[in-house]
K.L.:
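Have a look at this one before I ask anything.
All residue numbers refer to positions in the sequence shown, counting from 1.
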Amino acid sequence: MTNSETKATLSFSDGSPSLDMPIYKGTIGPDVIDIRKLYGATGKFTYDPGFMSTAACNSSITYIDGDKGELLYRGYPIEQLAVNCDFLETCYLLMNGELPNAEQKKAFVGTVTNHTMVHEQMQFFFRGFRRDAHPMSVLVGTVGALSSFYHDSLDINDPHHREVSAIRLIAKLPTLVAMAYKYSIGQPFAYPRNDLSYSANFMRMMFSNPCEEYKVNDVLVRALDRILILHADHEQNASTSTVRLAGSSGANPFACIAAGIACLWGPAHGGANEAALTMLQDIQKQGGVERIGEFIAKVKDKDSNVKLMGFGHRVYKNYDPRAKLMRETCHEVLNELGLHDDPLFKLAMALEKIALEDDYFVQRKLYPNVDFYSGIVQSALGIPVSLFTGIFAMARTVGWIAQWNEMISDPEQKIGRPRQLFVGSTRRDVPAMAQRG
C-alpha cells in the first residue's frame, strides 16, 4: 500500500482538536483511512458492528468488487481459473502468488499427494464420536487434533514449518472429510490412492467400498474440482477473519483452521448451500413446481417471513461471478447423470427461471448465487446435505492457510483486540444479601 497525497481530517463538535489521518491506496479498490492513532490522540474509538467499513489487514491474495461482480485470485479472474486450471494449481497460486509452470506443478502435486494419508491413530478419534454426529463437529475435533501428531512443523516463525503445515492441511482435509462420511454410514475408511488426482481421490474415498472396483467419472470429478476452485478463498469473510484472529495469538495452524471450520459451520456462512437445498426440498413437499407460484408470493410478502435461499449475496450487488460457472457445471452434471427429469432438479430450474425473469427479483438483484447451484451439484454427486459445509471447508482450507501465512509474515500484524462501546452498568458496590431485591 502507498500513501496518497491527501489526508483525512476528523473534526469534533465537542471542542476536541481535529486530527489528520493518513490515507492509503491499494492497487485496486477503495482507499483506507489509517485510524491507528485515533484513540491515543482523542480517547475515542470507531464503532463498526460487523466490521463492514473496517480494513483489518492489507492483503495481496484475493480481491472482490461486489458492484462489478468481480472476484480475483492473485489478480486472475475466477472465470479464467475455473476453466483453465485445476484445484491444486489454484492452491499453488494462492499460496505462492503465481501459477506454477509444468515442473513446479508436478512437484507440488507430488508433495500434496504424498501427504494425503493421516496417522493411523486418527481412526480412534472417530470412534469417540456418535455415528450421527454432524460432520462439521467431527472435523473441528479431528483437524484440531492434527497438531498432536505433527510436532515437527509447529514453529509458526519458521517459513519451512509453515509450508509443511500448509501442505499437510491441504492434503489431509479430503481424507478427514471422507472419513467423517464413511464413519456416519458405518462403512470402512478408504485409504487415499496416489495414482489419482486430488478430486478423483476424494470421490473414491467417499464412494468406493471393498466389494467392488470404483470407476472414476471424469465429468463428476471435474465438477467437484470446480466447486473447490470457486470456494478456495473469498477475501476477509467471517471464517477467514476468524483464522486470522486465532492466528494473531500465535496459535498453531491446525488450531487456527479448526477455528475457521467452526465459524464456517454457521448457516449464515458455509451453511448457505445446505439452506438452499433444504428450501427446495420443502417446496417439493408442499407440491413442487405446481405450487411454486404460491411460494414466490410468500417470498414477496414481507410479513410472511419466507426467505428465498441461494439468491443474492451480501457482497455481490451484481451477479455472483462464481454462479455462472457453477450453473454450467450444474447442467453438465445433470446431463451426465440423466437427472434433468428428477422432480427436485426440475423445481430448481423452474425457480431459477422465475428469479431471472421476474421484475421483483431482477430489480433487487436477487440473482441465483454460487450456493444455489453448488447445493444442486453436490446433491447430484451423492454428497449428503450434512456434508456440504465439509466440502466447503475442504476447499477453503487453502485460502485460510494462505491468509494465515500472509498474516504471520506481516511485520505490522498484532494480536487481534477489537474494542467496544460499553452500554452496561457503571461502577457500583455489591450489596449485602438482605439488601438485594
Side-chain angles (χ1 to χ4, degrees), residues 73 78-79 81-94 105 109 112-113 116 135-136 139 169-182 184-185 190 192-209 214-234 261 264 270 272-274 276-277 322-339 345 348 369-399:
Y73 290 171
I78 191 66
E79 302 93 318
L81 291 170
V83 171
N84 299 311
C85 300
D86 61 29
F87 179 63
L88 286 185
E89 283 179 89
T90 306
C91 289
Y92 186 98
L93 170 68
L94 290 172
K105 180 181 177 181
V109 170
V112 171
T113 299
T116 51
M136 290 298 280
L139 284 177
L169 280 159
I170 294 168
K172 297 180 192 306
L173 252 294
T175 308
L176 291 175
V177 172
M179 289 176 76
Y181 172 64
K182 286 296 193 184
S184 71
I185 61 175
R193 282 254 306 265
N194 287 356
D195 60 327
L196 294 177
S197 70
Y198 188 88
S199 295
N201 189 37
F202 173 70
M203 292 193 71
R204 180 189 167 277
M205 289 190 290
M206 282 280 291
F207 300 120
S208 68
N209 66 70
Y214 177 77
K215 296 181 180 178
V216 174
N217 183 316
D218 291 336
V219 173
L220 305 188
V221 168
R222 179 58 185 161
L224 176 66
D225 210 63
R226 181 167 287 187
I227 288 174
L228 299 181
I229 292 172
L230 297 180
H231 290 86
D233 197 51
H234 210 237
I261 292 171
L264 190 69
N273 53 11
E274 182 176 340
L277 196 66
R322 302 167 299 172
K324 180 182 177 182
L325 298 158
M326 205 69 253
R327 184 180 189 274
E328 294 173 0
T329 298
C330 181
H331 286 283
E332 289 172 3
V333 169
L334 297 185
N335 286 331
E336 177 69 15
L337 298 176
L339 289 174
F345 300 126
N369 61 34
V370 70
D371 298 309
F372 179 75
Y373 296 112
S374 67
I376 298 170
V377 172
Q378 289 185 70
S379 180
L381 293 178
I383 297 168
V385 173
S386 63
L387 205 64
F388 283 5
T389 318
I391 304 296
F392 195 159
M394 187 172 86
R396 186 56 58 84
T397 290
V398 63

K.L.:
So, the side chain of Ser379 versus the backbone of Ile376: is there a donor-acceptor pair under 3.5 Å, distance only?
P.N.:
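It does not hold such a pair.
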K.L.:
Looking only at heavy atoms, what is the nearest atom pair of Thr397 and Ala393, with distance?
P.N.:
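Shortest heavy-atom contact: OG1-O, 2.7 Å.
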K.L.:
Would you call Glu79-Lys324 a salt bridge at under 4.0 Å N-O?
P.N.:
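Between Lys324 and Glu79 there is no salt bridge, as every charged N stays at least 4.0 Å from the carboxylate O atoms.
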K.L.:
Side chains of Asn194 and Thr116: does their closest heavy-atom pair fall under 4.5 Å?
P.N.:
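In short, these two side chains touch, coming nearer than 4.5 Å.
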K.L.:
Is it the case that the side chain of Tyr73 and the backbone of Asp233 share a donor-acceptor pair, with hydrogens and angles ignored and the cut-off at 3.5 Å?
P.N.:
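Answer holds: yes.
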K.L.:
Please round to the nearest 0.5 Å and tell me the distance separating atom NE2 of His331 and atom CG of Leu339.
P.N.:
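With rounding to 0.5 Å, NE2 (His331) is 12.5 Å from CG (Leu339).
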K.L.:
Any side-chain to backbone donor/acceptor pair from Gln378 onto Gly375? Under 3.5 Å, distance only.
P.N.:
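A pair under 3.5 Å: no.
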K.L.:
Kindly say whether Phe372 contributes a backbone atom to a donor-acceptor pair with the side chain of Asn369 at under 3.5 angstrom?
P.N.:
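Pair found, side chain donor or acceptor close to backbone of Phe372.
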K.L.:
If I take atom CG from residue Leu230 and atom CG from residue Asp371, how far apart are they, to the nearest 0.5 angstrom?
P.N.:
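Rounded to the nearest 0.5 Å, the CG-CG separation comes to 11.0 Å.
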K.L.:
If I compare all heavy atoms of Pro174 with all of Ala171, which pair ends up nearest, and what's the gap?
P.N.:
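The pair with the smallest heavy-atom distance is CD-O, 3.4 Å.
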K.L.:
If the condition is side chain to side chain donor-acceptor pair (under 3.5 Å), which residues does Arg226 pass it with, not counting sequence neighbours?
P.N.:
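Here the qualifying residues are Thr329.
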K.L.:
Would you say Leu88 and Lys105 make side-chain contact, with heavy atoms under 4.5 Å?
P.N.:
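Answer no - side chains too far apart.
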K.L.:
With side chain to side chain contact (heavy atoms under 4.5 Å, CB included) as the test, would you mind laying out the steps for Tyr373 and Arg322 before giving the verdict?
P.N.:
CA-CA 10 Å; Tyr373 296 112; Arg322 302 167 299 172; over 6 Å; no
K.L.:
If we only count heavy atoms from C-beta on, is the Val219 to Asn335 side-chain gap below 4.5 Å?
P.N.:
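Not in contact.
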K.L.:
Walk me through whether Phe388 and Val385 qualify under side chain to side chain contact (heavy atoms under 4.5 Å, CB included).
P.N.:
CA-CA 5 Å; Phe388 283 5; Val385 173; 4.2 Å; yes
K.L.:
Looking at side-chain heavy atoms only, is the closest gap between Leu228 and Ile391 below 4.5 Å?
P.N.:
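Touching, per the 4.5 Å side-chain cut-off.
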K.L.:
Which heavy atom of Arg222 sits nearest a heavy atom of Val83, and at what distance?
P.N.:
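Of all heavy-atom pairs spanning Arg222 and Val83, the closest is NH2-O, 3.6 Å.
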K.L.:
Could you tell me which residues satisfy salt bridge (Lys or Arg N to Asp or Glu O under 4.0 Å) with Asp218, sequence neighbours excluded, listed by chain and number?
P.N.:
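Per chain and number, Asp218 pairs via salt bridge (Lys or Arg N to Asp or Glu O under 4.0 Å) with no residue.
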K.L.:
Apply side chain to side chain contact (heavy atoms under 4.5 Å, CB included) to residues Met206 and Leu387 and explain how you reach the verdict.
P.N.:
CA-CA 11 Å; Met206 282 280 291; Leu387 205 64; 3.3 Å; yes
K.L.:
Please give me the minimum heavy-atom distance between Ser374 and Met326, naming the atom from each residue.
P.N.:
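Answer, listing the atom of Ser374 first, then Met326: N-CG, 3.6 Å.
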K.L.:
If I compare all heavy atoms of Arg396 with all of His231, which pair ends up nearest, and what's the gap?
P.N.:
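Minimum heavy-atom separation between Arg396 and His231: NE-O, 2.7 Å.
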K.L.:
Could you tell me the separation between the CD atom of Glu332 and the CG atom of Leu220, rounded to the nearest 0.5 Å?
P.N.:
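The distance works out to 10.5 Å.
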K.L.:
Rounded to the nearest 0.5 Å, what separation is found between the CG atom of Leu94 and the CG atom of Leu81?
P.N.:
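The CG atom of Leu94 sits 8.0 Å away from the CG atom of Leu81.
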K.L.:
Do any N or O atoms from the side chain of Asp225 and from the backbone of Phe87 form a donor-acceptor pair under 3.5 angstrom?
P.N.:
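At least one qualifying donor-acceptor pair exists.
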K.L.:
Quick one: does Met136's side chain get under 4.5 Å of Phe392's, heavy atoms only?
P.N.:
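They are not in side-chain contact.
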K.L.:
Hey, what do you get for CG (Asp86) to CD1 (Ile229), rounding to the nearest 0.5 Å?
P.N.:
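Going from the CG atom of Asp86 to the CD1 atom of Ile229 covers 6.5 Å.
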K.L.:
Side-chain contact, heavy-atom cut-off 4.5 Å: Val221 with Ser197?
P.N.:
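Side-chain contact under 4.5 Å: yes.
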K.L.:
I'd like to check Val377 versus Ile383 (side-chain heavy atoms, cut-off strictly below 4.5 Å). Are they in contact?
P.N.:
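Side-chain contact under 4.5 Å: no.
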K.L.:
About how many Å separate CE of Met394 and OG1 of Thr175, when rounded to the nearest 0.5 Å?
P.N.:
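Output value for this atom pair is 9.5 Å.
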K.L.:
Tell me the closest heavy-atom pair linking Phe207 and Gly382, and the distance in Å.
P.N.:
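Closest heavy-atom pair between Phe207 and Gly382: CE2-O, 3.6 Å.
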K.L.:
With side chain to side chain contact (heavy atoms under 4.5 Å, CB included) as the test, would you mind laying out the steps for Val398 and Thr90 before giving the verdict?
P.N.:
CA-CA 9 Å; Val398 63; Thr90 306; over 6 Å; no
K.L.:
Are Ile170 and Tyr198 packed together at the side-chain level, in the sense that at least one heavy-atom pair is separated by less than 4.5 angstrom?
P.N.:
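Result yes, sub-4.5 Å side-chain heavy-atom pair found.
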